Every structure is written in C-alpha cells, then in structure tokens.
Peer 1: 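There's a structure below that I have some questions on.
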Amino acid sequence: MITWGCQMNVYDSGRMADVLAPLGYQPTDAADGADMIILNTCHIRDKASEKVFSELGRLRVIQEAGATAGRRPILAVAGCVAQAEGAEILARAPFVDIVLGPQTYHRLPEMVARASRAAGAVIETDFPTEDKFDHLPEAAAPQGLTAFLTIQEGCDKFCSFCVVPYTRGAETSRSEATVIAEARRLVAQGSREITLLGQNVNAWHGLDDSGNPSSLGRLARKLAAIPGLDRIRYTTSHPRDMDDDLIRAHADVPQLMPFLHLPVQSGSDRILTAMNRKHTRDDYYRLVDRLRDARPDLALSSDFIVGHPGETEVDFEATMELIRRVEFASAFSFKYSPRPGTPASGAHSQIDEETKDRRLYALQDLLRQQQEAFNLSKEGETIEVLFTHPGRQPGQIGGRTPWLQPVHALGPESLIGHIVSVRIEKGRPNSLVATLNPEFAPA
Ligand code: SAH
Ligand code: SF4
Ligand code: F3S
C-alpha cells in the first residue's frame, strides 16, 4: 500500500488492509514481490495528483516483472484521484486493474475477485447508498500508541479552491456508538492517544443512542471517560463549526490536547469572501480569543493559501498581519493551485507564479520564526511527553508533547508507551530536546 495525502488516507489504507485480511493479504512495505499494489492518492493540489501517473509508470515495471515470474500483482488506484479521474486513469494507464473511490473500500474484496477473473478492469467511483463504515470489518489491525479514527467524511462547504466536496462527497457523520466502540477497541489494543479525523471534523453530528444529533464537544467528553485514553485530538476543523460547547470542552476535558489545527487560509476579508469561507478575519480573531480564554495554553496551527485568484498585495499583507497577531505554533502553507471543476480555477484574475513564489516565501519565513519561537518558549519547562518510539541515536527515545512537538531524550526503551514528565533543555526549529526528570515516575 502506497499512501499519499491527508491523515484520512492513512486511516483508509488501514481499513483497506482490514477488509483484505480475510482474503489472506498482509500489508508489506515493498511493492516488489507483492500480490497486490494499492496506490492511495490525493487530488488536493496539482503536484499531488501529477505524481500518480509517474508512480504508475514505475509500478508497471514491477507488475511486468511479477507477470514474467508467473505472479502478476493486481494494481489498484484508490483515493481522491481515483474518484476524480475514474475511467481516465484506465485510458492513460490500461494496466491498472481496479480504480476505486474513497466511499467504496468495503467493496474491495468483491472487486479483487472480479479483477482476478481477468474480466477487464473494475471501476467503482459511485457514491454508494450504503455506508461503508457499516460494512467494514470491526476487527481492525492495532495502530499502536497513537491512532487515527475517522468520525466524519466529506464536505458541504464548497470553498472556491477545493476538490474535497467532489472527491469525498457530501458531509456524513458516523454514529456516536460506532465511534465510541472503535475508540474502545483501539485503547484495548494499546492506543493511548486518538486523533479523530474528518475533512470537517468539528461539523460532526453523529446520532446518539436516542437518535438525536450529537456534537463534537459531547463526543470528546464521552471519549474522555474511556479508561486508558489519555490524549484526544481532532483534525481538521472549520472556524464556522467551532461551537460554544466544543470551546468549553477545551476548558473542562484534560484529555483534549491544547493544540488545535484551525485553518484560516487568508487574513483578507475580500479573499475570504472570494474563497466562500463564510467567516471574516474578525470572526477568526474572536474565536481564537475565546479558545485561549477557555484554555490559556492552547496553541494553534493553520493552513494558508497564497495567490488565490484576485489576491492583491494589500490582501496578502492582511494575511501576514493576521499571522503576526495570532502567532501560530506551526502551519502548512501552499501556493494556490487551480483544480479542475472548482469555481476559482475559472476565475479571470489568476496570480502569476512569480508573485505566488514571493508571497509564499515571505509567509513561510514568518511562520518558521513563529514555530521556532514557540519551541524556544518551552525551554526550561517541565512537560508531559508520550514516548512512542526509539530515537535515531542509540539510547534515545522519542515522543510528542501535548502541542504535538517532536521530543527526543536519553532514556530507556522501557519508557516507550508511557507519559513522562521531562524537562525541556532545548528548543529547535522542528523539535525539542529533553532530559528525564528523576522525580517523576512513568504514569
Ligand atoms: N477541510 C480543511 C482543509 C482540507 S484541504 C479546511 O476546511 O480547512 C487541506 C488544505 O489544503 C486546505 O486547508 C488548503 O489550505 C489547502 N488547499 C486546498 N485546496 C487547495 C488548492 N486548490 N490550492 C492550494 N492549496 C489548497
Ligand atoms: Fe475544502 Fe473548504 Fe471543505 Fe475544507 S471546508 S474540505 S477547504 S471545501
Ligand atoms: Fe487529498 Fe483527498 Fe485528503 S484530496 S487531502 S487525500 S481528502
């Protein structure tokens, strides 16, 4: 399985492995010698989807080598490019056996059976009426100390630039009971941290046991009652769906980590309107203030797009001003990339590449400074770290702070799986260096 794109694709690849396990398939890292190769793709920006056909060229060579050895692997293209391009993939890459969109993964065994009968390629890119989550197996492979759990999919917001409403379909929420049951299973399998996923995760409104729509704040409180679930995160949130109860949950629920990815995209009201984001710059400021009132140590990250059609220097400067005012602990930023079928791609006022490059450079420079300042601000503090893996150097272990900063410390591997108070000795641009504090035993 080769997985590109967002965390939801990572989660989906895991679920595809689960649905294939009863057929005898086991995940492997090497495409060479595999019986099946699944390329799980992303359509979000031009570069992301361009990669697909060059990767397919590489996989074709592996497929042909397998065929010569009498074991031709099945080649499947999944994910958002599969959804968006469908039959076009087979036209350009006829050696592909299966093309399947994100809502059809529960049907994968049947598609494999059809493809094995060599009756031609199989395409499944409809949005099925049945809910895939009702048809995916409950028995899932353990994910380890930190796990992803998709609770919501799709999007009804139709931002001017974005393909997600087209590739993932309409917004849907899984029920509270199925989410809690899956969280319990993950914890029983050893996960101590769960990140709830959705393209619009805070729009989640899954039905509760009485059949009424619930909300993410309520879900967070219920999940926090699961013994052994120490850390809860959720991503990605839309500013519009951040309701009072969810903000209050950040004050009341200690398991809810004080780090929130809350994409704003732009600091210019004119561009926010053109983007169809349905909130203003001041709405965002007010929201950040309320979140920080609820949880004073809350740190924020965001996504930014520079060079959306119509963006002037004044608009760009407004984005820089927003960044200076909010101060982000980390962020992702992108040059606007026209996507087929989205409203902004047809706009007349496209911005030239050179201007986009210049703006992106300036913006990333400022964000980098803020990230480094945030990391440096932790020096000398005692912080709880969930250690998850051996470090790169011998004797080192690695983990994450509540703010998702990577941390390394010298310490025994027996601490992996524990939340340990450490002293932060040094803040680096992308990570922290810590020493173990002997007074604190592992929790
Ligand atoms: N649901 C999330 C975003 C999902 S896409 C939200 O509403 O914020 C992840 C990020 O990719 C977006 O936040 C945006 O910054 C970026 N992105 C999406 N479409 C893009 C495009 N056409 N060009 C450049 N960046 C894009
Ligand atoms: Fe895309 Fe906007 Fe939906 Fe986010 S809210 S997934 S950016 S359309
Ligand atoms: Fe990419 Fe689809 Fe995720 S377009 S970002 S894989 S929802």
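Order of appearance sets the numbers: ligands from 1, and atoms from 1 within every ligand. Below, all heavy atoms of this structure are taken into account, side chains as well, without hydrogens, waters or symmetry copies. Computed from a predicted model, the values in this text were never measured in an experiment.
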Peer 1: Aromatic rings H408 and H389: how do their planes relate, parallel, tilted or perpendicular, breaks at 30° and 60°?
Peer 2: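 Aromatic pair H408/H389 classed perpendicular.
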Peer 1: Which residue owns the protein heavy atom closest to atom 6 (C) of ligand 1, what's the atom, and how far is it?
Peer 2: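 Checking every protein heavy atom, the shortest distance to atom 6 (C) of ligand 1 gives R277 NH1, 3.9 Å.
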Peer 1: Has D18 got a side-chain atom pairing as donor or acceptor with P137's backbone, closer than 3.5 angstrom?
Peer 2: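 Looks like no, no N/O pair under 3.5 Å.
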Peer 1: Show the atoms of ligand 1 that are less than 4.0 angstrom away from any heavy atom in Q199.
Peer 2: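 Those atoms are 1 (N), 2 (C).
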Peer 1: K356: heavy atom below 4.0 Å from ligand 1, yes or no?
Peer 2: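 Contact absent.
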Peer 1: I'd like to check whether Y336 has a polar contact with ligand 1, where a contact means an N/O of the residue lying under 3.5 Å from an N/O of the ligand.
Peer 2: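 Between Y336 and ligand 1 (N or O atoms, distance only) the closest approach is not under 3.5 Å.
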Peer 1: Does R15 count as lying over the ring of Y105, i.e. NZ or CZ under 6.0 Å from the six-ring centre, within 45 degrees of the axis?
Peer 2: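 The answer is no; the distance or angle limit is not met.
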Peer 1: What I want to know is whether R339 and ligand 1 share at least one N or O pair that is separated by under 3.5 angstrom.
Peer 2: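 In this structure, R339 places no N or O atom under 3.5 Å from an N or O of ligand 1.
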Peer 1: Check whether R184 reaches the backbone of I226 with its side chain - one donor and one acceptor, N or O, closer than 3.5 Å.
Peer 2: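 Between the backbone of I226 and the side chain of R184 there is no qualifying donor-acceptor contact (under 3.5 Å).
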Peer 1: Check whether any side-chain N or O of S214 sits under 3.5 Å from a backbone N or O of D208 as a donor-acceptor pair, and report yes or no.
Peer 2: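 Pair absent, no side-chain N/O of S214 close to backbone of D208.
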Peer 1: Is it true that R240 and D283 make a salt bridge, defined as a side-chain N closer than 4.0 Å to a carboxylate O?
Peer 2: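 Salt bridge absent between R240 and D283.
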Peer 1: Give every protein N, O or S atom lying under 2.8 Å from atom 2 (Fe) of ligand 2, naming each by residue and atom.
Peer 2: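 Atoms qualifying: C159 SG.
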Peer 1: Looking only at protein heavy atoms, which one is nearest to atom 7 (S) of ligand 3, and what is the separation?
Peer 2: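 Heavy-atom neighbour on the protein nearest atom 7 (S) of ligand 3: Q199 NE2, 3.1 Å.
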Peer 1: Evaluate S237 for polar contact with ligand 1, using N/O atom pairs at a separation under 3.5 Å.
Peer 2: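 In this structure, S237 places no N or O atom under 3.5 Å from an N or O of ligand 1.
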Peer 1: Among S330, S301, S237, which one satisfies side chain to side chain donor-acceptor pair (under 3.5 Å) with H261?
Peer 2: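 Testing each of S330, S301, S237 against H261, the sole residue satisfying side chain to side chain donor-acceptor pair (under 3.5 Å) is S301.
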Peer 1: Treating R168 as the side-chain partner and V163 as the backbone partner, does any N or O pair qualify as donor plus acceptor under 3.5 Å?
Peer 2: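 A pair under 3.5 Å: no.
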Peer 1: Polar-atom distance check: H238 versus ligand 1, any N or O pair below 3.5 Å?
Peer 2: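 Between H238 and ligand 1, no N or O pair is found under 3.5 Å apart.
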Peer 1: Is there a side chain to side chain contact (heavy atoms under 4.5 Å, CB included) between L149 and R174? Walk through the geometry before answering.
Peer 2: CA-CA 11 Å; L149 201 177; R174 295 176 69 187; 3.7 Å; yes
Peer 1: Stepwise, does the salt bridge (charged side-chain N to carboxylate O under 4.0 Å, His left out) test hold for E321 with R325?
Peer 2: CA-CA 6 Å; E321 178 53 33; R325 170 147 170 201; over 6 Å; no
Peer 1: May I ask which of C6, G198, S337 has a heavy atom nearer to atom 23 (N) of ligand 1 than the others do?
Peer 2: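 Nearest heavy atom to atom 23 (N) of ligand 1 lies in S337.
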Peer 1: How does R168 reach ligand 1, if at all, at less than 4.0 Å between non-hydrogen atoms: by side chain, backbone, both, or neither?
Peer 2: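 None of R168 does.
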Peer 1: Based purely on interatomic distance, does N200 place a nitrogen or oxygen under 3.5 Å from a nitrogen or oxygen of ligand 1?
Peer 2: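 No; the residue has no nitrogen or oxygen that sits under 3.5 Å from a nitrogen or oxygen of the ligand.
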Peer 1: Looking only at N/O atoms, are C162 and ligand 1 under 3.5 Å apart anywhere?
Peer 2: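 The answer is no, given that C162 and ligand 1 share no N or O pair closer than 3.5 Å.
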Peer 1: With heavy atoms only and a cut-off of under 4.0 Å, state how F334 meets ligand 1: side chain, backbone, both or neither.
Peer 2: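 Side chain only; the backbone of F334 stays clear of ligand 1.
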Peer 1: Are F374 and F259 close enough that their ring centers fall under 6.0 Å?
Peer 2: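 Distance test on ring centres: not under 6.0 Å, no.
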Peer 1: Using a distance-only test with no angle check, is there a side-chain donor-acceptor pair under 3.5 angstrom linking Q103 and Q83?
Peer 2: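 Checked: Q103/Q83 side chains show no N/O donor-acceptor pair below 3.5 Å.
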Peer 1: Please list the nearest protein heavy atom to atom 15 (O) of ligand 1 with its residue and the distance rounded to 0.1 Å.
Peer 2: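 So the nearest neighbour among protein heavy atoms is Q265 OE1, 2.7 Å.
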Peer 1: Does ligand 1 have an atom that lies less than 4.0 angstrom from a heavy atom of K335?
Peer 2: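 Per 4.0 Å heavy-atom rule, K335 contacts ligand 1.
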Peer 1: Give the single entry among V164, T236, V201 that approaches atom 2 (C) of ligand 1 most closely by any heavy atom.
Peer 2: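 Minimum heavy-atom distance to atom 2 (C) of ligand 1 goes to T236.
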Peer 1: For Y166 together with F158, are the ring centres under 6.0 Å from each other?
Peer 2: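 Judged by ring-centre distance (under 6.0 Å), F158 and Y166 do meet the cut-off.
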Peer 1: Please check if any side-chain donor atom of H308 sits under 3.5 Å from a side-chain acceptor atom of S266, or the reverse.
Peer 2: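 No, because no side-chain N or O of H308 sits under 3.5 Å from a partner of the opposite role on S266.
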Peer 1: Would you call the rings of H238 and H279 parallel, tilted or perpendicular if under 30° counts as parallel and over 60° as perpendicular?
Peer 2: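 Rings of H238 and H279: perpendicular, over 60°.
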Peer 1: Who's the nearest protein heavy-atom neighbour of atom 19 (N) of ligand 1, and how far?
Peer 2: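 Of the protein heavy atoms, F161 CD1, 3.3 Å lies nearest.
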Peer 1: Look only at the side chain of H205 and the backbone of A203, and say whether a donor-acceptor pair between them is shorter than 3.5 Å.
Peer 2: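 Confirmed, H205 side chain pairs with A203 backbone.
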Peer 1: Under 3.5 Å, is there a donor-acceptor pair between the side chain of E176 and the main chain of P213?
Peer 2: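 Absent.
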Peer 1: Against heavy atoms of P263, which atoms of ligand 1 measure under 4.0 Å?
Peer 2: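 The list of qualifying atoms is 8 (O).
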Peer 1: Quick one: look up the protein heavy atom nearest atom 5 (S) of ligand 1 and list residue, atom name and how far away it is.
Peer 2: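 Protein heavy atom with the smallest distance to atom 5 (S) of ligand 1: I44 CD1, 3.5 Å.
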Peer 1: Identify the closest protein heavy atom to atom 10 (C) of ligand 1: which residue and atom is it, and at what distance?
Peer 2: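 Answer for atom 10 (C) of ligand 1: D303 OD2, 3.3 Å.
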Peer 1: Could you tell me, atom by atom, which parts of ligand 1 come under 4.0 Å of a heavy atom of R45?
Peer 2: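 Those qualifying, in numeric order: 11 (O), 16 (C), 17 (N), 23 (N), 24 (C), 25 (N), 26 (C).
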Peer 1: Apply ring pair (Phe, Tyr, Trp, His ring centres under 6.0 Å) to the pair F328 and F304, showing each step before the final yes or no.
Peer 2: CA-CA 12 Å; F328 292 92; F304 295 93; 5.4 Å; yes
Peer 1: At distances under 2.8 Å, what protein N, O or S atoms surround atom 1 (Fe) of ligand 3?
Peer 2: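 Hits for atom 1 (Fe) of ligand 3 below 2.8 Å: C42 SG.
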Peer 1: Strictly by modelled atom types, are H106 and D131 linked by a side-chain donor-acceptor pair under 3.5 Å?
Peer 2: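 There is no such pair (donor and acceptor under 3.5 Å, judged by atom type) between the side chains of H106 and D131.
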Peer 1: Check the pair I74 / S116 against side chain to side chain contact (heavy atoms under 4.5 Å, CB included), numbers first and verdict last.
Peer 2: CA-CA 8 Å; I74 296 175; S116 314; 3.8 Å; yes
